[in-house]
Amino acid sequence: MNEMILPLLVAAFVAACASLLGSFAILKKMALVGDAMSHVALPGMGLAVLFKFNPFIGAVAFLIISVIGIWVVEYKTSLSLDTIVGVFFTTSLAIGALITPNQDLLEALFGNITELSALESVISICLSVFLIFALFYIHKKLTLCMISAEIAHSVGIQTRKLEFFYLLIFALAVALGIRFVGALLMGSLVIIPAASAKNIAKSLRAFLTWSMIFGVIAATLGIYISYSRKLAPGPVFILISSFFFIASLVIMQLRKTR
Amino acid sequence: MDIVRSMKILEVKNLNISIAGTIILENINFSVEKGEVLAIIGPNGAGKTVLLKSLIGLMNYSGSVTWSQGIKRGYVPQRMDIETDVPLTVKEFFHLHESAPSDKKIIEVLGYVQLDTKILASGFGEISVGQRQRILVAWSVLGSPDVLLFDEPTADIDVAGQESIYNMLYHLQTNLGLTVILVSHDLNVVYRHASTVLCLNRQNLCLGAPREVLTPEQLLSLYGGEKAFFEHKHKH
């Protein structure tokens, strides 16, 4: 039981952070960005395994470079964010798959939170808390920017800077979450809780709150079930999240027919 | 009164805008004085929206756009494409404003646009297009701006709704002493509410009081279909 506590806490905090982040991604209809971004972490993790340094650092380095890359390309060309990340990042996945040693590839793709050291766990929790605070600090400006960049700009919000800041938080959250659910399922950690919350929430406050609640419950349940049944935590988390999503769809339909 | 009238709050000189190599606006010059209602008119694709966006820094341009110091601007876009199920109430939308408005202030601006406070609890995506435009107008005056910029605020609204929005704009302008710059395709509105009109079709075609500059010849060259525009271009 004791060995479960730390991964449980890490998973809960990382999921809370990822779900909150996902709420804003959904407002801007950029649900696939998280998915694609997690792929870019893979070559960084592959290089870390090859050269024996911490995979988190490899992932963060590659993610930050890619965030700067997509931000510059987005403003220099008229391509949409989804197109840029779609092309840019699946290429990264291919490179990552080629350079990551086979025995580590499975862990990189599907994650394994139980492998985290105590220090890594504490750092993950602290970083998650910091990112959650950062998101709450900018949440009003971010929401306005996500629903109408024009109006946000008209009241003096520096929308480009704000978007860059958001992508940076996104990159760090992806690097955190990738140890939990892996590169393949990271997008779901960000999106599914937020998508479920959107089905049942009418207000922004309810949306952000439910998104975090769904993320945290699915993460803690996921860790608990994976320990007791000896299963990989990432896929279990996703299945529980999907169950919440279906339940939220049913609630939405019931409300409509009422 | 004369002193107030002669206060220039915006000066635009040699404004040129190209998008992907196509010239959208060419050598635009005009100025706006405090309390003025400037209407920008022109056919579809004349560059009206682009001009308005360049004034608030949403477009890259060459030339100069100079606002007098400390001017606060409010902007209402042509339309706001928003999902009907966006998780945001009207009240929350007001609270996104950087001026952190009090409930009292929100009720006050709702009064300006003649909406009941019941709407605050509604979803921002659920309300009608006309109601949303009114909310956007109310939102734009939250920070007590000196000038309001409207980009065809009634484009998606039925005739009765358009009428009430323009009446409301007129009241706002007279009661709050605001300067208004608006894009409109409706000449009736221009005649009734605008003090100055700027006819635009890539270039400045006319500038002045509506009854003086909107001659039948001018309107024909502005709206007279592609042929008139084509001939006009060749005269220059």
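Just so it is clear: chains get the letters A, B, ... in the order the sequence lines come, proteins before strands, and each one is counted from 1. Side-chain atoms are counted along with the backbone in the values below, which use heavy atoms only and exclude waters and symmetry mates.
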Side chain from CB out, backbone as N, CA, C, O: work out which of these in L149(B) comes under 4.5 Å of a heavy atom of chain A, or both, or neither. neither
Any donor and acceptor pair, going by atom type alone, linking the side chain of E92(B) with main-chain N or O of R205(A) inside 3.5 Å? yes
Counting only heavy atoms closer than 4.5 Å, note whether K72(B) contacts chain A via side chain, backbone, both or neither. neither
Should the pair K140(A)-E98(B) be classified as a salt bridge under the 4.0 Å nitrogen-to-oxygen rule? no
When only pairs under 4.5 Å are counted, which of I56(B), V86(B), L96(B) shares the most heavy-atom pairs with chain A? L96(B)
H95(B) NE2 to L204(A) CG distance, which is reported to the nearest 0.5 Å: 11.5 Å
Return the CG to CD distance between L58(B) and E150(A), rounded to the nearest 0.5 Å. 5.5 Å
Please find the pair of heavy atoms, one from A201(A) and one from P87(B), that lie closest to each other, and give the distance. O-CB, 3.8 Å
How long is the straight-line distance from CG of L52(B) back to OG of S154(A), given to the nearest 0.5 Å? 10.5 Å
When rounded to the nearest 0.5 angstrom, what is the spacing between CE in M146(A) and CG in L88(B)? 13.5 Å
Does the side chain of I82(B) come within less than 4.5 Å of S148(A)'s, by heavy atoms? no
Between the OG1 atom in T89(B) and the CZ atom in F207(A), the distance rounded to the nearest 0.5 Å is 13.5 Å
For the CH2 atom on W210(A), are there more than 12 heavy atoms of other groups (residues, nucleotides or ligands in this structure) within a distance under 6.0 Å? no
With a sphere of 6.0 Å drawn around CZ of F13(A), does it hold more than 12 non-hydrogen atoms of other residues, nucleotides or ligands? no
Please rank I147(A), L27(A), I157(A) by heavy-atom pairs under 4.5 Å with chain B and give me the top one. I147(A)
Only pairs at least two apart or in different chains count here, so list each side-chain hydrogen bond (donor to acceptor under 3.5 Å, both in side chains) that has a residue in residues 233-251 of chain A. N199(A)-S248(A)
Does Q158(A) CD have over 12 foreign heavy atoms under 6.0 Å away? no
Spacing of CD1 belonging to I26(A) relative to CD belonging to E83(B), to within rounding of 0.5 Å: 9.0 Å
Please say whether more than 12 non-hydrogen atoms of neighbouring residues, nucleotides or ligands are located less than 6.0 Å from NZ in K105(B). yes
Among E126(B), K91(B), R73(B), the residue with the most heavy-atom pairs under 4.5 Å to chain A is E126(B)
